Amino acid sequence: MGYINMVDMRKDMECILFSEEDIQNIVNRVAAEIDRDYEGKKLLVVGVLKGSFIFMADLVRQMKNKCELEFMAVSSYGAGTTSSGQLAVKKDISTDLTGYDVLLIEDILDSGFTVSKVKEMLQQRNANSVKVCVFLDKKERRTVDIEGDYVGAVVPDAFVVGYGLDYAQLYRNLPYVGVLKKEIYEGK
Ligand code: IMP
Ligand code: MG
């Protein structure tokens, strides 16, 4: 894989899982669920960078309730496609969350390691509640006991990219979600 392939990312896809229209429907449904549950609450939406940024941007614009927005950056993955089992906080938010109902936004639940660690961290900061919203859920890969409170869609055990999700920092800007061809990352 080289930057030369950037001219046509579509040909690096095995198949398309969710079109732009599918994604719009997913986002509208999840936003409505969140609006229903957080009415009248002091909501803080916390996105985990970078994967969640496109989903979060679309999601909060479909929400009717007021909310504050924050971002955290953590890393549990290198350039490969499986979890390293290590989590480093690269950018944090305020340590005091008193009075807030926190909604953590992640691109995808895979092993569950990242979300469960970040959730644990936020729960120690006096928030009223901490819930999890993920765009995608790779359910069959879960090794940590964690579930999303709001889930966009369940996906099979394949490496997916687009709509914020990357492989080696590429493909995040695809407006749809696709399964990356194995040959792109095999032997890497
Ligand atoms: P976990 O800690 O194993 O749940 O991994 C979560 C993180 O791994 C996500 O935030 C993603 O950044 C990344 N990840 C897991 N599966 C995929 C995938 O299929 N495509 C792109 N990134 C993924
Ligand atoms: Mg990632």
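Atoms within a ligand are numbered from 1 in the order they appear, just like the ligands themselves. Just so you know, these numbers use all the heavy atoms, side chains as well, and skip hydrogens, waters and symmetry mates. Source: prediction; values computed, not measured.
A side-chain donor-acceptor contact under 3.5 Å links Asp12 and Tyr171.
Ligand 1 has Gly112 within reach: a non-hydrogen atom of the residue lies less than 4.0 Å from it. Not a single heavy atom of Ser52 sits closer than 4.0 Å to an atom of ligand 1. For the pair Asp166 and ligand 1, a heavy-atom separation below 4.0 Å is found.
Contact annotation for Val115 and ligand 1: no heavy atom of the residue comes within less than 4.0 Å of the ligand. In Leu165, the part holding a heavy atom less than 4.0 Å from any atom of ligand 1 is the side chain.
More than 12 heavy atoms of other residues, nucleotides or ligands sit less than 6.0 Å from atom CG of Asp96.
Aromatic rings of Phe135 and Tyr163 (six-membered ring for Trp) have centroids within the 6.0 Å cut-off, being under it.
In terms of polar-atom proximity, Leu109 is not counted as a contact of ligand 1, lacking any N or O under 3.5 Å from an N or O of the ligand. The shortest N/O to N/O separation between Val160 and ligand 1 falls below 3.5 Å.
In this pair, Tyr167 and Phe159 present their aromatic rings perpendicular. The plane angle is above 60°, beyond the 30 to 60° band.
In terms of modelled atom types and a separation under 3.5 Å, the side chain of Asp107 and the main chain of Gly164 share no donor-acceptor contact. Within the 3.5 Å criterion, the main-chain N or O of Leu87 finds no donor-acceptor partner in the side chain of Lys117.
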